[in-house]
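Small disclaimer: the values here were computed from a predicted structure and weren't measured. Just so you know, these numbers use all the heavy atoms, side chains as well, and skip hydrogens, waters and symmetry mates. All chains are named by letter (A, B, ...) in the order of the sequence lines, taking the proteins before the strands, and each is independently numbered beginning at 1.
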Amino acid sequence: MSIQQRLVRLNPRQQEAVRYIDGPCLVLAGAGSGKTSVITTKIAYLVQECGMSARRIAAVTFTNKAAREMKERVGQMLKGKQGHGLTVSTFHTLGLNIIRGELKALGYKPGFSLFDPEDAKALLRDLMNKDAQVDADQINRVQGQISSWKNDLVLPGQALSHAANDDEQYAARVYEAYVRHLKAYNAVDFDDLILLPVVLLRDDPEALARWRRKIHYMLVDEYQDTNVSQYRLVQMLMGERATFTVVGDDDQSIYAWRGARPENLVTLGEDFPRLRVIKLEQNYRSTGTILRAANTLISNNPHVYDKTLWSEMGQGEAIRVVVNRHEEAEAERVASEILTRRIKERAEWRDFAVLYRGNFQARLLELKLQHYQIPYKLSGGTSFFSRGEIKDAMAYLRLLINPADDNAFLRIVNIPRREIGPTTLEKLANYATEREIALFAACRELGLAEQLPTRAVERLSRFIHFIEGVRDRMDRGDALAAIREMMREMDYEAWLYQNASAPTIAERRMANVWTLIDQLEKSMNREPEDTASTDTETDSVESAISRLVLRDILEQQAEEDDSDRVQLLTMHASKGLEFPHVYLMGLEEELLPHRNAIEVGTVEEERRLAYVGITRARRTLTLTLARQRKAYGELMDCTPSRFLDELPDADLEWEGRADKEDPEKKQARGKDAIAGLRSLLG
DNA sequence: GGTGTGTCATTTTTT
DNA sequence: ATGACACACC
């Protein structure tokens, strides 16, 4: 299909958004208004119609999944070499590539480590424990504080001078030490992936010129989710030329609590007076009734840009509101309804989604779904990366590319057993701290022999020789082969068997490790065409390992799980998805809006969350609530959510509100229906 | 592999 | 209060 043919398929607003390329462009894209089509078509338009080289274009998203999907769709439009060198990545991957290309200017050495939040926490724990034993809660608070400082582009010096109280003062001092230590470890954390490029581009005109030459056009997805640093990054890269398109929806801003600044939508108009604002209000997803409900609800929030969604999908069914006696009845109701509705509507399991505010709400529902043998997929859960064996393997990988990574060193120096215990490590750490060198480097120092018994020194040096040997083989030949060989050589598998409660568990864990290494290999062999880096042969292991830490690959296999199941999701996790039939559970005060949100006065964001939930539905929407619910072990009476009052009454069909019917009889009738259906199905 | 004990969190989570 | 999970032990 030609680009002209694609354009014709778009509505006038979408076309305008694609065609306007001479200056800053803000696309206010309502839910289901085809924003991804606009972004992908615009990329194709820039290349095919405007003759811009794909390697001058960068499209940025927030999640790997979104980036992957966008890449996929653009790939279908741009054939052959046309798309070569195009950047479609997350903000973090873009930042990583900038850092990788500017190592010298930033004062980092090749093979730097990327600390995930857990590594960061370990470092903080270390730093904070120096003064006194601190509890996990306090560490978490400081970690959160540091993260928001970085998101807000506040450097340690500023944090220190602006600290409003003792707690902030303390956090700022830890922040300063934390940054210093990261640098010493030749490591960066996730927030640095945005912060460091911004600081670099701000302070180094040459670097700025380099990157402005490199990137001529930027497209940003989910712009309402950008934080201060991310906005600054876009702003710095684009400069006066301001050739960019950002797409967002202030009504779907649900991440303010983690630093997102929806007001960046407004700031954009102030920073770029020439900004062209285009609204996409035609919705291609939902029925008129559902959209009317969404519009009415969200009109209770203040708006800078007003937006009213409409569609040509017909009015559809009324929105049902089901009041249940208690939470168990609610779960029962949702499960049994899915069962019957699937038959009635000839739907598949995958056509249903159940959305809720907090993960704990899924528990009861799971039981009911299991009871009816309804297949379901629960979002969230323990990730691949939090498994111990994966962390071990990752620590080995990181130590191989960055011997200064003390976190990695400490994790695996005695895994498998090398008889290097806490006493040895403590002395080693003291020695290293005094001299301000890494633990790995300290093992080699002769002076260490004075602090430690010969046997301990021997064990340590055997360990570093082992690692260096592997590193050597990696540099000389096939890096992946060297890594696999390392795993076998140290017999990590035997260690797993020793430590697992059952052989089958050890087996599975070892398989996970091999999977990780396979993924690493895949990632290395992948053409580096989709990155803005100046990838060379030598840094490909390094960058592949960083991508692994950023979870860039791997999830793929989880995503491939396209089996036919009912989806259980938090409303947050549902953003960007759509389902024919949606159930929204727990529409009660203190749950949605959440009690904490009411307390701190962020009900507007809760309303947007409900809005996101509602707009996931294509055909039918069912809202449920319970009159009573157990919370913290106590039975509580619940009030229906204020959001229910904010929906158009005429479009709602209430069930169980009056509750005149005998509860016993009603329940029996429900059970009969299920029993009847089951017998019908044999 | 199964059982018992302790710890943890009950607001959302990506990178 | 409750349950899920990790870890230790049988």
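- Taking the ring pair (Phe, Tyr, Trp, His ring centres under 6.0 Å) definition, one finds that A/F91 meets it with A/F62, sequence neighbours left out.
- Each of B/dT14, B/dT13, B/dT11 was ranked by its minimum atom distance to the side chain of A/E606; first place goes to B/dT11.
- Checked against side-chain hydrogen bond (donor to acceptor under 3.5 Å, both in side chains), A/E389 has the following partners two or more places apart in sequence or in another chain: A/N512.
- Remark: P of B/dT12 and CZ of A/R608 are 18 Å apart, rounded to the nearest angstrom.
- Using atom P as the reference point in both C/dA4 and B/dT12, the two lie 16 Å apart (nearest Å).
- In this structure A/D392 satisfies the side-chain hydrogen bond (donor to acceptor under 3.5 Å, both in side chains) test together with A/R411, A/Y492, sequence neighbours excluded.
- In terms of the ring pair (Phe, Tyr, Trp, His ring centres under 6.0 Å) criterion, A/Y396 has no residue partners (sequence neighbours excluded).
- Rounded to whole Å, atom P of B/dT13 lies 18 Å from atom CG of A/D191.
- OP1 and OP2 of B/dT14 both lie 4.0 Å or more from every side-chain N or O belonging to A/N64.
- In this structure, A/N151 atom CG and B/dT15 atom P are separated by 15 Å, rounded to whole Å.
- In this structure, the CG atom of A/N596 is 15 Å from the P atom of B/dT13, given to the nearest Å.
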Produce the list of close N/O pairs, under 3.5 Å, pairing protein atoms with atoms of nucleotides 2-10 of chain B; give distances to one decimal.
none

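- Following rounding to the nearest Å, A/Y611 (OH) and B/dT12 (C1') show an atom-to-atom distance of 19 Å.
- Taking atom C1' on both nucleotides, C/dA6 is separated from B/dT11 by 24 Å, rounded to a whole Å.
- Stacking of the aromatic ring of A/W257 onto the base of B/dT12 is found: the ring centres lie under 5.5 Å apart and the planes are inclined by under 30°.
- Summarising the geometry, the separation between CZ on A/R68 and P on B/dT14 is reported as 13 Å, rounded to the nearest angstrom.
- At a threshold of 4.0 angstrom between heavy atoms, the contacts of A/N359 are confined to the sugar-phosphate backbone, with no base atom among them.
- Neither OP1 nor OP2 of B/dT14 sits under 4.0 Å from any side-chain N or O of A/T90.
- A/F190 comes within 4.0 angstrom of a nucleotide base, judged by non-hydrogen atoms across all strands.
- Taking the charged nitrogens against the carboxylate oxygens, A/K35 and A/D221 do have a contact shorter than 4.0 Å, which makes a salt bridge.
- Between the P atom of B/dT12 and the CE atom of A/M571 lies a distance of 12 Å, rounded to the nearest Å.
- The nearest whole Å value for the distance from the CG atom in A/L193 to the P atom in B/dT15 is 12 Å.
- Comment: A/R629 engages A/E588 in a salt bridge, judged by a side-chain N to carboxylate O separation of less than 4.0 angstrom.
- With sequence neighbours left out, A/Y175 forms a ring pair (Phe, Tyr, Trp, His ring centres under 6.0 Å) with A/W149.
- The nearest heavy atom of DNA chain B to A/H572 and to A/R508 marks one nucleotide each, and the one closer to the 5' end goes with A/R508.
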